[in-house]
K.L.:
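Structure provided below as structure tokens; questions to follow.
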Amino acid sequence: MTAPDSNGTPMVRFENVTKSYGSFVVLDGLDLEFGAGEKVAIIGPSGSGKTTVLRMLMTLERINDGIIWLDGEPLTHMERDGQLVPANAAHLRRQRGKIGMVFQHFNLFPHMNAVQNCMEAPVTVLRMPKAEARARACELLEMVGLGDKFNHYPGQLSGGQQQRVAIARALAMRPKVMLFDEVTSALDPELIGEVLNVIRKLGSELDLTMLMVTHQMGFAKEFADRVCFFHSGKICEQGPPEQIFGAPENERTKQFLSAVLEAT
Amino acid sequence: MVWDWSYALSILPILAQASIVTIQATLLGFVLAATLGLLLAILRTSPLPIIAVPTGLVVEFIRSTPLLIQIFFLYFVFPEFGVTLDAFVAGVIALGVHYATYCSEVYRAGLEGVPRGQWEASTALNLSPFHTFRDVIIPQAIPPVIPALGNYFVALFKETPLLSAIAVMELMQRAKILGSQTFRYIEPITIAGAFFLVMSLIAAALIRYVERRIALRGIRP
């Protein structure tokens, strides 16, 4: 079902991962793998736990049970005396550097301009010289089509432009895995295309594992190698987009897709 | 009792001299209050109860006891524990620490006002807690609370006469001494009061100016 890389080790592996808030179980014993370079679209109704998958991988949420592996090493845990124990802050920081995330509401730093947003983490975390970080920030902003907005503050940019700065900012840390959490959901319809175009470009030009939670079914169909349909904290059905969108087997998948397609 | 202009003019230089001490105590006290207050606010928002709870208790304790008693304590009681402070130093520390607890509440509101997404973006970019606070959170938390901090600045300034209780030669103490020497209180006390009025108004105007500057600079989505 998954597409392992040449070594056969998946880039990301969820092993029996459970997440609950109080008595409400968001994810129930999730087993899921993402191969290196794989592009996966995660779809499903709201409350199905799909965003939680990304947030746990970004270490924004703690898991209650199970283990997440990243790049052949445990992410949520670390090895000590031959045993796996919950990860400490240093281990999380080391592993987290391999992941970049783009949020629904951009979360740009409002008091920094586009270039500063993209320089902050490389300078403070990677200790990159400022000149180098600036050059790289400009290069990335050019890549996302914002070569003329270097000194603009988030408040001076449209939603689509802000989201493209956010993508450049995440790429500046040279992640191996990029997470896209409903990145077009907060955008006006006419701005969605420019953001999807940038994501398309990343997919073809960079060697990235890309996981995206999305409601853009057309884009998922065309872009993803694999589509995972979530329902009530479980994967209901997954497979190549042609299968999921063309010939879904699960009754819930059919219902969801027909409801979504009716709405658009 | 009639206002005596020649007497008033003759004591003006002496009071002006003393007002410098008042201004020094205010500025030093507020620098201490503003920095220590920020530190207290950050400690109080710590996810670790072992840090947040004791900090909260200290803040509540200091806020709930009179400044005058704290001044006396620092100046008269601390020497018994081997810590002898100059009256001016004791006064500045008392003012600074007392107002730090008020400022910390103001900062706390500012810190809580920063959207959660900013913390999450900082985590996603792998920023350390230090850089998250220094570069992301604090620059967004402070501008909205500048007016409230400004109020405490003026309040602290107006409380400096309390330092006369431990004989710091500030404006009020000087005015009192002049009064007791000549038995003419109306001129020195009036001049001292007028000085506070004028300086408070100037400070308030200054704060409004700073506020406007920050509003112009702070471009938010």
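Just so we're on the same page: letters track the sequence lines, and every chain starts at 1.
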K.L.:
Atom NE2 of A:His111 and atom CD of B:Gln118: how far apart are they, to the nearest 0.5 Å?
P.N.:
7.5 Å
K.L.:
If you count heavy-atom pairs under 4.5 Å between each of A:Leu108, A:Thr59, A:Leu157 and chain B, which one has the most?
P.N.:
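Option with the top pair count is A:Leu108.
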K.L.:
What part of A:Leu60 is in contact with chain B, defined as an atom under 4.5 angstrom from a non-hydrogen atom: side chain, backbone, both or neither?
P.N.:
side chain
K.L.:
With a cut-off of 6.0 Å (strictly less than), are more than 12 heavy atoms of other residues, nucleotides or ligands near CZ of A:Arg80?
P.N.:
no
K.L.:
Which value, rounded to the nearest 0.5 Å, describes the distance between A:Asn107 atom CG and B:Leu125 atom CG?
P.N.:
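So the CG of A:Asn107 and the CG of B:Leu125 are separated by 10.0 Å.
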K.L.:
Specify the closest pair of heavy atoms between B:Ala121 and A:Phe103, including all atoms of both residues, with the distance to one decimal.
P.N.:
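So the two residues come closest at CA-CE1, 3.8 Å.
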K.L.:
Which atom pairs, donor and acceptor, lie under 3.5 Å between side-chain atoms of residues 121-144 of chain A and protein residues at least two apart or in another chain?
P.N.:
unit_1	atom_1	unit_2	atom_2	d
A:Thr124	OG1	A:Glu120	O	2.9
A:Arg136	NH2	A:Leu171	O	3.3

K.L.:
Is the number of heavy atoms from other residues, nucleotides or ligands under 6.0 Å of A:Lys201 NZ greater than 12?
P.N.:
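Yes.
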K.L.:
In Å and rounded to the nearest 0.5 Å, what is the CE to OG1 distance from A:Met101 to B:Thr123?
P.N.:
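Going from the CE atom of A:Met101 to the OG1 atom of B:Thr123 covers 10.5 Å.
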K.L.:
Side chain, backbone, both or neither: which part of A:Arg169 has an atom under 4.5 Å from a heavy atom of chain B?
P.N.:
both
K.L.:
Between CZ of B:Arg116 and NE2 of A:His105, what distance do you get to the nearest 0.5 Å?
P.N.:
11.0 Å
K.L.:
Do the side chain of A:Arg93 and the main chain of B:Asn126 share a donor and acceptor less than 3.5 angstrom apart?
P.N.:
yes
K.L.:
Taking the side chain as C-beta and beyond, is there a heavy-atom pair between B:Ser122 and A:Phe109 under 4.5 Å?
P.N.:
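Yes, close enough: below the 4.5 Å cut-off.
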